[in-house]
Amino acid sequence: MSEHEDETAVEDAKRALRRRLRTERAERGEDFAAERSEGLTANLQRLTEQLGARTISAYLSLPQEPDTRAFLQWAASAGVRVLLPVIRADGLLDWAEHDGTETVEATLGIPEPTSESLPPTAVESIDLMLIPATAVGRDGSRLGGGRGFFDKTIAAMAECPPVYAVVHDEELFDSVPHAAYDQPVDGVVTQSGIFTTSRS
């Protein structure tokens with residue numbers, strides 16, 4: 001198999017798995033994530049405290065995604081500074097401080113903060129990066145949403161803090177299809193625990 005054929009096979013596998021897992025999230029409905037929010041929030045708090053993180057990046061979850069919103073409320077009350085992503089036209093991410101306000105990005109329907117935007121370099125000084133995923137492997141491989149926002153952001157960082165993906169237990173595998181440009185993660189947080197990957 002040629003290198004091009006190999007890359008095509010990986011992309012096909014990624015699309016197929018992403019499609020299956022998105023369907024499963026939709027079939028489980030919004031109550032599924034809400035019911036597991038308490039356990040996930042506790043683990044996200046524990047990770048933040050274990051790392052002594054005072055500034056982190058996170059994201060506003062969609063209803064069928066693992067719920068990050070209760071954790072964001074805790075972070076605000078604990079004095080943890082949180083930066084949230086704002087999508088740019090060039091495929092990178094700007095950032096904005098979490099202040100409890102949000103809007104919906106017009107093109108992709110992704111919730112974003114409405115506070116003042118900061119440049120991509122704003123995350124160079126954070127202590128922990130929490131990112132979304134469709135699935136994650138225990139080997140550190142991550143299947144994202146398909147647009148590469150976080151892969152590009154991580155690849156562009158001069159120094160990267162610990163990166164943890166947030167998924168449901170059912171979306172944690174031994175490995176997931178990944179290409180050379182897909183950035184691995186250091187760990188995974190689910191409602192049942194905190195897992196470091198074999199790349200850590």
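All figures in this text were calculated on a predicted structure; none of them were measured in a lab. Residue numbers count from 1 along this sequence.
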Kindly compute the distance separating CG (L40) from CD (Q45), expressed to the nearest 0.5 Å. 10.0 Å

Given 3.5 Å as the limit, does a donor-acceptor pair link the side chain of H178 with the main chain of V176, or not? yes

Calculate, to the nearest 0.5 Å, the distance between atoms CG and CD belonging to L118 and E116 respectively. 6.5 Å

Hydrophobic clustering (ILVMFWY, side-chain heavy atoms < 4.5 Å, transitive) - are V136 and L17 grouped together? no

Walk me through it: do D139 and D174 pass the test side-chain contact (heavy atoms from CB on, under 4.5 Å)? CA-CA 6 Å; D139 60 355; D174 289 335; over 6 Å; no

Any link between I87 and L83 through a network of hydrophobic side chains (Ile, Leu, Val, Met, Phe, Trp, Tyr) touching at under 4.5 Å? yes

Which heavy atom of E97 sits nearest a heavy atom of P113, and at what distance? O-CB, 4.3 Å

Pair V123, W95 - check side-chain contact (heavy atoms from CB on, under 4.5 Å), show working. CA-CA 8 Å; V123 288; W95 301 88; 3.2 Å; yes

Closest approach of A75 to V82 (non-hydrogen atoms, all atoms of both residues): CB-CG2, 3.7 Å

V86 reachable from L84 in the ILVMFWY side-chain graph, under 4.5 Å edges: no

Any carboxylate oxygen within less than 4.0 angstrom of a Lys/Arg side-chain nitrogen, looking at R22 and E65? no

Separation of H168 NE2 from S192 OG (nearest 0.5 Å): 12.0 Å

In short, I194 meets Y164 closest at the heavy-atom pair CG2-CE2, 3.9 Å

Can you measure from CG (L47) to CG (N43) and round to the nearest 0.5 angstrom? 9.0 Å

Is there a donor-acceptor pair closer than 3.5 Å between any side-chain N or O of S61 and the backbone N or O of T68? yes

Side chains of D94 and S117: is there a donor and an acceptor less than 3.5 Å apart? no

Looking at every heavy atom in both G144 and T134, which two are closest together, and how far apart are they? O-OG1, 3.1 Å

Which residue is it: L128, I56, L72, D127? I am looking for the one with a side chain to side chain contact (heavy atoms under 4.5 Å, CB included) to V80. I56

Out of T197, I131, T153, which residue meets the side chain to side chain contact (heavy atoms under 4.5 Å, CB included) rule with V163? I131

Does L62 share a hydrophobic cluster with L44, counting links as ILVMFWY side-chain heavy atoms below 4.5 Å and allowing steps through other members? no

Can you confirm whether F195 sits close enough to T190 that some side-chain heavy atom of one is under 4.5 Å from a side-chain heavy atom of the other? yes

Starting at CZ of R69, measure out to OH of Y59 and round the result to the nearest 0.5 Å. 10.5 Å

Do D169 and Q191 have side-chain atoms, one donor and one acceptor, less than 3.5 Å apart? yes

Scanning both residues in full, the closest heavy-atom pair of D67 with A33 reads CB-O, 4.4 Å

I'd like to know if R28 and E171 make a salt bridge, using a cut-off of under 4.0 Å between side-chain N and carboxylate O. yes

Could you tell me if the side chain of K14 sits less than 4.5 Å from the side chain of L143, heavy atoms only? yes

So, are R36 and E170 salt-bridged, with charged N and O less than 4.0 Å apart? yes

Verify the neighbour count for atom CD of E124: are there more than 12 heavy atoms of other residues, nucleotides or ligands below 6.0 Å? yes

Do the side chains of L172 and R138 get nearer than 4.5 Å, heavy atoms only? yes

L21 versus A135, closest heavy-atom pair with distance: CD1-CB, 3.5 Å

Between OG of S57 and CZ of F150, what distance do you get to the nearest 0.5 Å? 7.0 Å

Treating Ile, Leu, Val, Met, Phe, Trp and Tyr as nodes and any side-chain heavy-atom pair under 4.5 angstrom as an edge, say whether I110 and L93 lie in one connected cluster. yes

Should the pair R46-E49 be classified as a salt bridge under the 4.0 Å nitrogen-to-oxygen rule? no

Side chains of T48 and W74: closer than 4.5 Å at any heavy-atom pair? yes

Quick one: does D151's side chain have a donor or acceptor within less than 3.5 Å of a partner on D182's backbone? no

How about E24: does its CD atom have over 12 heavy atoms from other parts shown lying under 6.0 Å from it? yes

